[in-house]
Novice: 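Take this structure first; my questions come after.
Computed from a predicted structure; not experimentally measured.
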Amino acid sequence: MKSFSSGLVVGKFAPLHSGHERLIHAALAQCGKVFVISYSVPEMPGCEPEKRELWFQQRFPQCTVLVLSREIIEHFRLESPPHNDADPDIHRHYVATLCMQVLRCKPQAVFSAEDYGDGFARVLSQRFGQSVTHVRLKRPLGAEAPSGTLIRSDVHRYRSMLANEVYRSFVLRICLLGGESTGKSTLSKALSDVLNTEYIAEFGREYWEEKNGLLEYEDLLHIAREQVRREESASPNRFLICDTSPLTTLFYALDQFGSAPKELHSLAEREYFLVVLCGDDFPFVQDGTRQGVHFRTRQQAWYEEELSRRAIPFMRVQGPLSQRIEQITHHLATLF
């Protein structure tokens with residue numbers, strides 16, 4: 001038997017870190033059901049509601065989670081959430097309203113790692129008409145206490161305080177595009193070495209070889225899905241180098257079959273921090289699998305037209321490998 005039928009954990013979770021996870025696990029161990037409420041005014045950059053929602057889906061699917069967004073506020077006709085610096089009692093009453101009006105619950109316990117939990121339990125007891133227990137979790141001794149403020153100051157320095165699923169939200173994906181024989185794969189590997197991170201190879205090439213060059217219509221969607229899955233499964237540092245994207249797969253689907261599945265069109269909308277178009281100023285090298293220089297020219301033109309049509313900013317790189325790396329690293333240096 002667990003100590004409580006239901007428990008409550010509340011926070012900004014900006015971002016969801018190891019301290020929060022320890023608290024939620026404690027609530028799960030002691031409660032039959034755990035409710036989590038998250039809101040922040042103002043929102044913290046990089047920790048927007050849709051990201052927090054995803055973190056909880058990935059890390060705590062067994063919890064009932066309410067991440068306040070504009071849509072939820074409008075749907076339930078809620079008052080706007082109080083500012084983060086508002087009086088604690090204002091927050092406590094707001095959370096009580098969320099529990100009763102949105103979640104339709106009256107938790108028996110509220111979990112926290114702070115003294116404020118006593119006052120929180122008092123207000124919830126008044127609003128719920130029942131006793132609400134404050135369960136305070138003691139911080140582990142000797143360890144640097146994780147906090148959202150600390151982590152947001154340098155998320156990459158404090159990545160050990162974040163689960164991989166959360167940290168990946170802060171990784172900046174760099175996508176390299178380019179036609180056949182534009183040095184894209186060589187640049188991907190070299191750039192990952194320079195930036196001390198991982199690169200995701202072009203799965204389409206691997207799969208094409210596996211099928212002896214005979215790809216069918218449905219294979220293109222499989223390629224795009226697997227390319228994205230590999231990106232999402234990586235454990236890189238600050239950057240992740242992506243040798244191609246689903247946009248390339250869309251090109252081949254349209255070029256070879258004249259159409260593409262709706263899902264592939266959607267995957268081709270995947271966003272990247274930086275898109276690099278490798279120039280075709282290299283002499284064309286036929287490795288026995290490529291279609292030829294005229295195909296490369298047509299493919300390059302499609303990338304330029306499609307990126308422009310989609311209003312996706314991109315940078316062109318040209319010249320030998322060392323020059324291309326210098327162009328990219330210089331561009332990154334101007335951004336940070």
Side-chain angles (χ1 to χ4, degrees), residues 13 15-18 20-21 24-25 46-63 65 67 146 151 155-178 184-211 215 218-253 260-276 312 328 332:
F13 304 106
L16 175 66
H17 56 62
S18 57
H20 298 138
E21 297 211 7
I24 295 171
H25 280 299
C47 303
E48 292 77 15
E50 59 273 14
K51 290 186 179 180
R52 303 202 303 275
E53 186 79 44
L54 179 61
W55 298 337
F56 281 112
Q57 288 174 2
Q58 294 174 328
R59 299 296 298 167
F60 295 101
Q62 67 273 55
C63 294
V65 178
V67 178
I151 295 169
V155 69
H156 305 288
R157 176 181 178 183
Y158 297 107
R159 64 172 297 180
S160 63
M161 297 180 177
L162 304 175
N164 285 337
E165 295 91 334
V166 178
Y167 179 70
R168 278 200 294 268
S169 296
F170 298 94
V171 171
L172 304 177
R173 295 192 301 267
I174 299 176
C175 171
L176 275 62
L177 298 175
K184 178 171 59 66
S185 297
T186 300
L187 178 58
S188 295
K189 297 174 186 177
L191 188 60
S192 68
D193 288 338
V194 170
L195 297 178
N196 189 32
T197 191
E198 292 186 33
Y199 83 96
I200 305 300
E202 185 176 12
F203 173 68
R205 175 63 178 264
E206 174 187 329
Y207 195 64
W208 183 88
E209 293 176 350
E210 180 183 323
K211 297 201 68 174
L215 294 179
E218 58 269 18
D219 290 329
L220 279 299
L221 180 56
H222 170 68
I223 289 170
R225 285 172 173 170
E226 178 63 15
Q227 192 74 34
V228 170
R229 189 199 68 79
R230 293 187 179 192
E231 289 181 12
E232 293 296 327
S233 300
S235 298
N237 293 318
R238 185 172 193 168
F239 302 101
L240 177 65
I241 312 304
C242 304
D243 178 4
T244 199
S245 79
L247 188 65
T248 293
T249 313
L250 177 63
F251 167 79
Y252 280 102
K262 184 177 180 180
E263 184 181 343
L264 180 51
H265 280 280
S266 296
L267 289 171
E269 298 287 342
R270 184 170 172 81
E271 294 183 0
Y272 293 84
F273 170 72
L274 175 64
V275 175
V276 177
I312 298 175
I328 294 172
L332 293 174

Novice: Taking E21 for the side chain and L16 for the main chain, is one N or O donor matched with an acceptor at less than 3.5 Å?
Specialist: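 Side chain of E21 to backbone of L16: no pair is present.
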Novice: I need the minimum non-hydrogen distance between V67 and P49, along with the two atoms involved.
Specialist: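 In terms of heavy atoms, the two residues are closest at CG1-O, 3.6 Å.
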Novice: Under the criterion side chain to side chain contact (heavy atoms under 4.5 Å, CB included), I'd like the reasoning laid out for R205 against Y207: C-alpha separation, chi angles, the key distance, then a yes or no.
Specialist: CA-CA 5 Å; R205 175 63 178 264; Y207 195 64; over 6 Å; no
Novice: Rounded to the nearest 0.5 Å, what's the gap from OG on S169 to CG on L54? Could you check?
Specialist: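 That separation rounds to 6.0 Å.
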Novice: Pair I223, L215 - check side chain to side chain contact (heavy atoms under 4.5 Å, CB included), show working.
Specialist: CA-CA 10 Å; I223 289 170; L215 294 179; 4.0 Å; yes
Novice: For K211, does the NZ atom have more than 12 heavy-atom neighbours from other residues, nucleotides or ligands under 6.0 Å away?
Specialist: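 Result for NZ/K211: enclosed.
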Novice: Quick one: does L162's side chain get under 4.5 Å of W55's, heavy atoms only?
Specialist: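 Not touching, per the 4.5 Å side-chain cut-off.
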Novice: Between atom NE2 of H222 and atom CG of L264, what is the distance when rounded to the nearest 0.5 Å?
Specialist: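 Separation between the atoms: 13.0 Å.
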Novice: If every non-hydrogen atom of L250 is compared with every non-hydrogen atom of A268, which pair is closest and at what distance?
Specialist: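 L250 and A268 have their closest heavy atoms at CD2-CB, 3.8 Å.
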Novice: Please report the interatomic distance CD1(I151) to CE(M161), rounded to the nearest 0.5 Å.
Specialist: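 Between I151 CD1 and M161 CE, I get 6.0 Å after rounding to 0.5 Å.
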Novice: Closer than 3.5 angstrom, by distance alone: can the side chain of N237 be matched with the main-chain N or O of N196 as a donor-acceptor pair?
Specialist: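 Between the backbone of N196 and the side chain of N237 there is a qualifying donor-acceptor contact (under 3.5 Å).
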Novice: Closest approach of S245 and Y272, non-hydrogen atoms and distance?
Specialist: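 Smallest interatomic distance, heavy atoms only, reads CB-OH, 3.4 Å.
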Novice: Show the nearest heavy-atom pair for residues C47 and P15, with the distance to one decimal.
Specialist: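 For C47 versus P15, the nearest heavy atoms are SG-N, 3.7 Å.
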Novice: State the CG-OH distance between D193 and Y199, to the nearest 0.5 angstrom.
Specialist: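 One gets 9.0 Å once the value is rounded to the nearest 0.5 Å.
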Novice: Kindly indicate whether the side chain of I328, heavy atoms from C-beta on, has any atom under 4.5 Å from the side chain of L187.
Specialist: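 Of all side-chain heavy-atom pairs linking L187 with I328, at least one is under 4.5 Å.
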Novice: Salt bridge or not between E232 and R270? Use side-chain N to carboxylate O under 4.0 Å.
Specialist: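 A salt bridge is present here (some side-chain N lies under 4.0 Å from a carboxylate O).
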Novice: Is there a donor-acceptor pair under 3.5 Å between the side chain of T197 and the backbone N or O of F239?
Specialist: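 Yes, because the side chain of T197 sits within donor-acceptor range (under 3.5 Å) of the backbone of F239.
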Novice: Taking all non-hydrogen atoms of both residues, which atom of Y167 and which atom of R238 are closest, and how far apart?
Specialist: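 Looks like OH-N, 3.6 Å.
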Novice: Determine whether L247 and V275 make a side-chain contact, defined as any pair of heavy atoms from C-beta on separated by less than 4.5 Å.
Specialist: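 Sidechains of V275 and L247: no contact.
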Novice: Look at the rings of H20 and H17 and say which category their plane angle falls in: under 30° parallel, 30 to 60° tilted, over 60° perpendicular.
Specialist: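 Parallel: the ring planes of H20 and H17 meet at under 30°.
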Novice: Which is it for L274 and L172 under the side chain to side chain contact (heavy atoms under 4.5 Å, CB included) test, yes or no, and what are the steps along the way?
Specialist: CA-CA 8 Å; L274 175 64; L172 304 177; over 6 Å; no
Novice: Test your reading of the model: is there a side-chain donor-acceptor pair from Q227 to the backbone of F203, 3.5 Å cut-off?
Specialist: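 Such a contact is found between Q227 side chain and F203 backbone.
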Novice: Of the non-hydrogen atoms in E231 and T244, which two are nearest, and what is the gap between them?
Specialist: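 E231 and T244 have their closest heavy atoms at OE2-O, 4.1 Å.
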Novice: Please check: side-chain N/O of E48 versus main-chain N/O of G46, any donor-acceptor pairing under 3.5 Å?
Specialist: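 Yes, E48 side chain to G46 backbone: donor-acceptor pair under 3.5 Å.
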Novice: Flag yes if more than 12 heavy atoms outside E50 fall under 6.0 Å of its CD atom; otherwise flag no.
Specialist: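 Enclosed.
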Novice: CG of L191 to CD1 of I241: how many Å apart, nearest 0.5 Å?
Specialist: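 So the gap between those two atoms works out to 4.0 Å.
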Novice: To the nearest 0.5 Å, tell me how far D243 CG sits from S185 OG.
Specialist: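 The OG atom of S185 is 3.5 Å from CG of D243, to the nearest 0.5 Å.
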